[in-house]
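Before any comments, here is the structure.
Please read these numbers as outputs of a predicted model, since none were measured by experiment. Residue numbers count from 1 along this sequence.
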Amino acid sequence: MIFVTVGTQKFQMNRLMKQIEKMAENMPQERFVVQYGNCTYVPKHCETYQFMDRPQFEQCVSECSVLITHGGVGTIMSGIRAGKPVVVVPRRRQYGEHVDDHQIEAARALSAHKCLVICMNTEFLGYIIDHISEYVFNRYEEPEKKVEDLVLGFIESPEPVKRRTPCFFKFLRKKKQAAEIPQAIKQI
């Protein structure tokens, strides 16, 4: 099963839906499950859902052979964590799919680690899916500590603020970078 999801953004992503319809028509042996969100074009030849609850979404990710998604980091990470081949078709401002192109940047950051494939032009999506087994996907290594954990650790630390501040900002120790620390932080 190929699972296609575009999340819950208020914007359409009709160019992806139209391409999925073509692919589903040309691949009748393959089951396509599509969560189309606020797209105004709903693909034929597919099992479609406007939105999904969390259990249904997780089941689709778990059962799919390929995950095709917009550039939402949460969805991308769900696929990567499940060990699925992830193909990202980022939402593009030029097509009225979002207010900016930040999804391209998020996808490129993970693509640099070879955790996913980016498809900027939907015309190539069929080719990518046909050859997905030839791609080598690296396993994503979760960071040892997340930013939230670092901040909470800093806040909850029993040490005096002056003693722990330099540790929190140790990445700024170089003179050039230290000069860039805002004056308010320097005075803590």
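- Atoms CD1 and CD1, from Ile132 and Ile2 in turn, are 9.5 Å apart once rounded to the nearest 0.5 Å.
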(request) For side-chain contact (heavy atoms from CB on, under 4.5 Å), just list the numbers for Arg54 and Gln56, CA-CA rounded to whole Å, side-chain angles, deciding distance to a tenth of an Å, and then say yes or no. (result) CA-CA 6 Å; Arg54 181 50 98 185; Gln56 185 182 20; over 6 Å; no
Donor-acceptor pairs under 3.5 angstrom involving side-chain atoms of residues 60-75: please list them, not counting sequence neighbours.
unit_1 : atom_1 : unit_2 : atom_2 : d
Glu63  : OE2    : Gln59  : NE2    : 2.9
Ser65  : OG     : Met1   : O      : 3.1
Thr69  : OG1    : Thr5   : O      : 3.4
His70  : ND1    : Gly72  : N      : 3.4
His70  : ND1    : Gln103 : NE2    : 3.2

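- Within the 4.5 Å cutoff, side-chain heavy atoms of Cys39 are placed close to those of Val6.
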(request) Dump the intermediate steps for side-chain contact (heavy atoms from CB on, under 4.5 Å) on Val88 and Val117, then the final yes or no. (result) CA-CA 6 Å; Val88 177; Val117 175; over 6 Å; no
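- Here Glu97 does not pair with Arg93 in a salt bridge; the nearest charged N to carboxylate O distance is not below 4.0 Å.
- Here Ser111 contributes atom OG and Glu105 contributes atom CD; the two are 11.5 Å apart, rounded to the nearest 0.5 Å.
- Side-chain contact between Tyr49 and Val34 is absent, with no heavy atoms from C-beta onward closer than 4.5 Å.
- Atom CG of Asn138 and atom NZ of Lys114 lie 7.0 Å apart (nearest 0.5 Å).
- A salt bridge does not link Lys44 with Glu25: none of the charged nitrogens is closer than 4.0 Å to a carboxylate oxygen.
- Between Arg81 atom CZ and Met77 atom CE the span is 4.0 Å, to the nearest 0.5 Å.
- Atom-to-atom distance recorded for Asn38:CG and Asn14:CG is 10.5 Å, nearest 0.5 angstrom.
- Not a single donor-acceptor pair under 3.5 Å links the side chain of Gln9 to the backbone N or O of Phe11.
- The environment of OH in Tyr135 is crowded: more than 12 heavy-atom neighbours from other residues, nucleotides or ligands sit within 6.0 Å.
- Under the 4.5 Å side-chain heavy-atom criterion for Ile, Leu, Val, Met, Phe, Trp and Tyr, Leu125 and Phe3 are members of distinct hydrophobic clusters.
- Side-chain polar atoms of Glu21 and Tyr41 form a donor-acceptor pair below 3.5 angstrom.
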(message) Show, in sequence, the C-alpha distance, side-chain angles and deciding distance for Val42 and Met17, and conclude whether the side-chain contact (heavy atoms from CB on, under 4.5 Å) test is met.
(response) CA-CA 6 Å; Val42 180; Met17 294 299 110; over 6 Å; no
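- Between Ser78 and Phe57 the shortest heavy-atom distance is OG-CE2, 3.9 Å.
- At least one side-chain heavy atom of Arg92 sits under 4.5 Å from a side-chain heavy atom of Ile104.
- Between Phe51 and Tyr36, a ring centre-to-centre spacing not shorter than 6.0 Å is recorded.
- The side-chain heavy atoms of Lys84 and Phe137, taken from C-beta on, include no pair separated by under 4.5 Å.
- Looking at Arg108 and Ile118, their side chains come closer than 4.5 Å, going by heavy atoms from C-beta outward.
- The CG atom of Asp130 sits 9.5 Å away from atom CD of Glu134, with the distance rounded to the nearest 0.5 Å.
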(request) Determine, step by step, whether Val33 and Cys46 satisfy the side-chain contact (heavy atoms from CB on, under 4.5 Å) criterion, reporting the C-alpha distance in whole Å, the side-chain angles of both residues, the deciding distance to 0.1 Å, and the verdict. (result) CA-CA 6 Å; Val33 175; Cys46 301; over 6 Å; no
